[in-house]
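Inspection log for the structure reproduced underneath, given as structure tokens.
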Amino acid sequence: MSSALLRAVCALLASLCPPCPAASAPGLPHIPHIAAHFGTKTRYEEVNPHLLRDGLSVNASVLRAPAAERCSPVHLTAVIRHGSRYPTAKNIRRIRQLSELVRREAAGGSGASDGWLEELRSRWEAWYTEDMDGHLVMKGRDELRLLALRLRALFPTLLSEENVRKRRVAFLTSSKPRCVDSIEAFQDGLRRHGDTPVYEHEVDDHLLRFFERCRGYVEGVEKNRSALLEVEKFEKGEEMQAVVKKVASRLGLPQHRLTPELVEAAFFLCSYELSIKSVHSPWCFLFDESDAQVLEYKSDLKQYWKRSHGHAINSMSSCPLFHHIFRSLDKAGRPRRSTDASPEPASILVGHAETLLPLLSLLGLYKDQTPPTASNYQSQHRRRFRTSRIVPYAANLLFVLYDCQRGPRLQLLVNESPVRFPGLEAEEAPLYRDVRATYRHLLDGCDFHQECEGILWGRGPNIEL
Ligand SMILES: *[C@@H]1O[C@H](CO)[C@@H](O)[C@H](O)[C@H]1NC(C)=O
Ligand SMILES: *[C@@H]1O[C@H](CO)[C@@H](O)[C@H](O)[C@H]1NC(C)=O
């Protein structure tokens, strides 16, 4: 069997599996207690649990344009992360290494009499193969299809069947197969039942994978170990070491046989088995709530310094996407004569967590007073920067432009919940001109070439946000 076919069969089997009767109480999905802490590997349903009961439920009260101004939505730009996916090849190698270690050496420790250790030692199969390398799983397709249906229910005039059929809606995606598959699944959701699939999307890595094209970012952060020093320090720090020790003791392994990477592989295995197969994996029993919080913090630290507010270039690298979005909004908000062509009703952009985080940061969102570091874990429990909530699988940032009596208004939603613009907190859907005024410095600047090529990185970021 070809690997692609094999993958499709595995994904199909996985999608047929849930809800696994053996693992679930009747009617209740059996969700690991640590499921809300998986960072970028969190399921969308952990952020919106009502979707577990009904994946199509929408609540129109999230649209918050002032009722007195008789507003109607005229444009939607949605920046969406791909859905649930397989582990990448690197993580699959780690999973195998971990699984072999446990099979050969785990002797069992305190609290290991519950059967899960026996399960890990003799029955659990590392069924992941390297060719699965980050591809979208069936569950991920469902996430995007259902998201499309919910967005159509929220914006029936924008994502109408006619607008899609007449190609008025723009579809742009990153070139990665998991993104292309995601944007196809999204279009599946918008298509009439029975219509033959015709996919209309363009690949645009300049917009959606800007991070790998920005030299200042690649040299200054991605390849620069000292830019991620806090992450490294935390990995060696006391909180993380305590988790390694606890996990080693639960497995009955000498502590030196486990590394933070292997502990993380076990943690992510719990997440993958849940997000791919909807099962409660025996790997989940290795962690209690406080362990999960430490591992979640480690992921957040990494995303903060590598993709978000940690370095100004992280967010500035998303300038092309920022400008693209505001150009679409400008066009859609412009006054028209009745003879003018109607504006683009919607623009659907599919990318990565690495696409969304820099953009959200550029907009000034989820910025805490004190940056998270290796040494302030204890004071960060209430931080806003929590990737489990911000960029789960199928995460989405929606820009909704309304036509209102006093002029166009703009509202932001993150994962289908309203979010206010920093600096314009008084209103949920401020006037578009006020939003433009707030971001004037970016609209007039934020030049990709200047930010990414033109500066001497040694002297640090040139614009503080
Ligand atoms: C919709 O959301 C509002 C709050 O935003 C809540 O009061 C209301 O009960 C929700 N309606 C449904 C049907 O869930
Ligand atoms: C690497 O990161 C450090 C810390 O952010 C910074 O001071 C240094 O300039 C960076 N190096 C390069 C080559 O950009």
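Order of appearance sets the numbers: ligands from 1, and atoms from 1 within every ligand. Basis for what follows: all heavy atoms, side chains included, without hydrogens, waters or symmetry-related copies.
The salt bridge (Lys or Arg N to Asp or Glu O under 4.0 Å) pairs that include a residue from residues 412-430 are Arg64-Glu428, Arg150-Glu416, Arg409-Glu427, Arg420-Glu428, where partners are two or more places apart or lie in different chains. Listed by first and then second residue, the ring-ring contact (aromatic ring centres under 6.0 Å, His included) pairs that reach into residues 243-262 come to none, sequence neighbours excluded.
For the pair Leu413 and Phe399, the minimum side-chain heavy-atom distance is 4.5 Å or more.
Proximity of Arg225 to ligand 2 is not established, as no heavy-atom distance is less than 4.0 Å.
Those atoms of ligand 2 with a heavy atom of Gly220 less than 4.0 angstrom away are 1 (C), 2 (O), 14 (O). Which parts of ligand 2 touch Ala227 is read off a 4.0 Å heavy-atom cut-off, strictly below it: atoms 2 (O). When each atom of ligand 2 is checked for a heavy atom of His311 under 4.0 Å away, the hits are 5 (O).
The aromatic rings of Phe267 and Phe38 lie perpendicular to each other, with more than 60° between the two planes, well past the 30° mark.
The ring of Tyr297 has its center closer than 6.0 angstrom to the ring center of Tyr377.
Of the candidates Asn224, Val221, Val218, the one placing a heavy atom closest to atom 1 (C) of ligand 2 is Asn224.
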